[in-house]
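Values below: every heavy atom of this structure, side chains too, minus hydrogens, waters and symmetry copies. In this text, all values refer to a predicted model and were calculated from it rather than measured experimentally. Sequence lines set the chain letters: A, B, ... in the order given, protein chains first and strands last, and positions in each chain run from 1.
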There are 2 protein chains.
Amino acid sequence: MLKVAMLSTGEEVLHGDIVDTNAAWLSREFFQNGFALNKRSTVGDAKTSLVEELLMLSFNADVVVVNGGLGPTTDDLSSECAALAAEQELKLFPEWLEKLETFFAQRKIKMPESNIKQAMLPEKAIILDNPIGTACGFKVQINDCWFYFTPGVPKEFKLMVNEQILPDLKKQYPQQVGLECSRLYTFGTTESGISDKLDKLHLPQGYVLGYRSYLPFIEVKLFGPRNDLDTRVKLLQMIYSHLEQHVVSVDEPMLEHIGHLMAEKGMSLALAEQSTKGWLSNWLLSNAEIEKLSGHSWILSHKAEEGLGHQDPLAASFALAAATKEKCATDLSLVTGMLNEDHFTVSLSAPQGEWGQTVKFNRAYASGEQKQIIGTIAADMLRRYLEGKPILAKYSSVTTVKDMYLPSSVLG
Amino acid sequence: MLKVAMLSTGEEVLHGDIVDTNAAWLSREFFQNGFALNKRSTVGDAKTSLVEELLMLSFNADVVVVNGGLGPTTDDLSSECAALAAEQELKLFPEWLEKLETFFAQRKIKMPESNIKQAMLPEKAIILDNPIGTACGFKVQINDCWFYFTPGVPKEFKLMVNEQILPDLKKQYPQQVGLECSRLYTFGTTESGISDKLDKLHLPQGYVLGYRSYLPFIEVKLFGPRNDLDTRVKLLQMIYSHLEQHVVSVDEPMLEHIGHLMAEKGMSLALAEQSTKGWLSNWLLSNAEIEKLSGHSWILSHKAEEGLGHQDPLAASFALAAATKEKCATDLSLVTGMLNEDHFTVSLSAPQGEWGQTVKFNRAYASGEQKQIIGTIAADMLRRYLEGKPILAKYSSVTTVKDMYLPSSVLG
């Protein structure tokens, strides 16, 4: 089996001043392309520890991607350490020096002396182009292992991996088969709730499930062979049927899905937020399609609530939804009511009537998490309405205390 | 020199489905406490690769923190691999079994058989208590290296590190001196802009600077000896004087600082957002002190702008600020105007008058980044007002096109 590793370098990464998102990204990308990592490691800028780690990896892996340390400053040591570990001389690569000179000339800046360093590579290195930065990547063999050195800037790193390293690896190791990935986005259930339902499924050879959770969603990923559409569609339907009540979208995140639904129906939306304090507007309006179809949003302070004169929070939330829709002259309005202790309300007003519910949290959440959960429940009511599904559903993080539907005929 | 390493385990971390925030957190915490990491690595759930990595680390480090793999399921292998690497038997620790039984009894749940596994540790292990979960940590020696095994759940992990591992390490290695860290939060400059100014400073022995950037802020960290207040204060003043125009707060993030300033002055605030679409409300109102002092916020759609009848965006933004302050009956109002191409406006209305500016981005930013920058410039105007500083400043990411101040006497 091909052994693949990644090495991240730099004091800032090692001491936690930067969260290593390049590592998480590469790991996902390589997994899906058939080059799943066996190991990842991180060292600082000390020359000895970097050389030591390069040698250690060279004995234990077939392919290593090294990230960072290709800049022009004195603490950028990757090329020098690569040369030491490979027992090669550092050599000036005139073709990259030329690129550097062009790069600076185009920007009408004199090239700083220190940048010459970026054209000094181990003598047997093969250059990997970087069309958007000054640090070229390179490929070099240390013992029996091939090392790909890459720049730390995420944009440059990702481009180099996608356009050069992955194609090169696929050519070198044609036997590694990439996987196709389909995604179901779920909300309102737990990872163990999902795996209880899905672990008993017998997946055909070559198919495997993965979960990725980031509050408040859990993404269910089906990996499997490419070009096997029949089986894939059948499996997806089977998974969908087990999770149906919690699936908010397929192959696109919930927000994009709601954007498409709104554009399709051409319905406009206004928002009024109490407990979510702007979280819901900020999230929904970051989608261009929803933004185009939106009227004003209000974020109401405590004082507003007192003025409404409703004893019952659900009634207050209904009144606010109706008022918002009317004032903004939109087709729909969505309201998150006040949070009282652990109780809150959410309501949706539509041409057919109004739906609302009072719910309470099942456990303590930080206030940022509360806003996410309340806002996502509100957005899920909107999604359900646009999909023609029952508007009110059950979610694992909350319990419904009361719900209500008033058709327009009753509302007058 | 003491060699400290961390090993993260689990397929989800290795394949990038979880970003390893525990690793970044531990790295920062250990650095500050005098136990800077030399190396970090990540392996999956394969027994051989986990044992191999434990052995490799045992030869190259003095202290290793292992994170994850202590759960009750079959892919939780850390204890078993620790026993294999240490050449010890796995043994039932009755004191932890008792804790587990109490844990489940209190929740009135029958303990699943699978949880017994969490009380099976290498025979010479020393238990590390976990008061908030079912996975105990443990400490065990492999070759000459001490390993601390910890649960993956961030809350449990952090508690165990702070309450047990760090105190234990400090007792074992009293010669490792922890550092005190002071922080200056800056906005509107670049990391190279900061280091150009600070790199030429001669810091006394034992002091070192670090930077941590997360859009839109760059945190400047001064590490140095504890209980050396005189020198520290002098250094901080020196650093402050070099960065003054960009420092938004000291030893607390900008948002908390604004919260304290508002509470101190007892001034109330209303918001109107166009370009930031809820980002600013969501951010500012997540601070409890600001929230308490806030009136409504409006998030206005495109259509609103058309209705205002102002040709000049800055005049429109002034009008909106005045209207918002009046309608909400607050002392202050803050407005982010429409984004037209790369231009936008921000205004602040206060009892003394109104300040506003039209600025343009110096380069292309993603729309989420635009909202952050615009919103933070608005918040910085508010901070400057509350601190009695000049309201209008220069920021590296934007260029001022026009600015204006109208005292109340003119506004009538």
Query raised in the report: If only atom types and distance count, is the side chain of R28(B) paired as donor or acceptor with the main-chain N or O of G16(A) below 3.5 Å?
Result: yes
Query raised in the report: Using a cut-off of under 4.5 Å for heavy-atom pairs, which of N38(A), L271(A), V43(A), L26(A) has the most such pairs with chain B?
Result: N38(A)
Query - T276(B) portion near chain A, given a 4.5 angstrom heavy-atom threshold - result: backbone
**Report entry** Among S367(A), G368(A), S297(A), residue most engaged with chain B (heavy-atom pairs, under 4.5 Å)
**Finding:** S297(A)
Report task. Ignoring hydrogens and angles, tell me if any N or O in the side chain of R40(B) forms a donor-acceptor pair with the backbone of S8(A) under 3.5 Å. Result -> no
Report task. Apply the test side chain to side chain contact (heavy atoms under 4.5 Å, CB included) to residues S41(A) and K39(B): give CA-CA distance (whole Å), side-chain angles for both, the deciding distance (0.1 Å), then the verdict. Result -> CA-CA 7 Å; S41(A) 60; K39(B) 187 183 163 171; 4.2 Å; yes
Report task. Select one option (side chain, backbone, both, neither) describing which atoms of E52(B) are under 4.5 Å from chain A's heavy atoms. Result -> side chain
Query raised in the report: When the ring planes of W298(B) and W298(A) are compared, do they come out parallel, tilted or perpendicular, using 30° and 60° as the limits?
Result: perpendicular
Query raised in the report: If you measure from CE on M56(B) to CG on N60(A), what distance do you get to the nearest 0.5 Å?
Result: 4.0 Å
Report summary line: Looking only at L37(B), L7(B), L280(B), most heavy-atom pairs under 4.5 Å shared with chain A are made by L37(B)
Report task. With rounding to the nearest 0.5 Å, note down the distance linking OG in S281(A) to CD in E273(B). Result -> 8.0 Å
Query raised in the report: Can you tell me how far NZ of K371(A) sits from CG of N282(B), rounded to the nearest 0.5 angstrom?
Result: 4.0 Å
Query - K221(B)/D17(A) salt bridge by N-O under 4.0 Å criterion - result: yes
Query - E12(A) side, atom CD; R212(B) side, atom CZ - distance, nearest 0.5 Å - result: 11.0 Å
Report summary line: Scored by heavy-atom pairs under 4.5 Å with chain B, the best of H15(A), E53(A), M6(A) is H15(A)
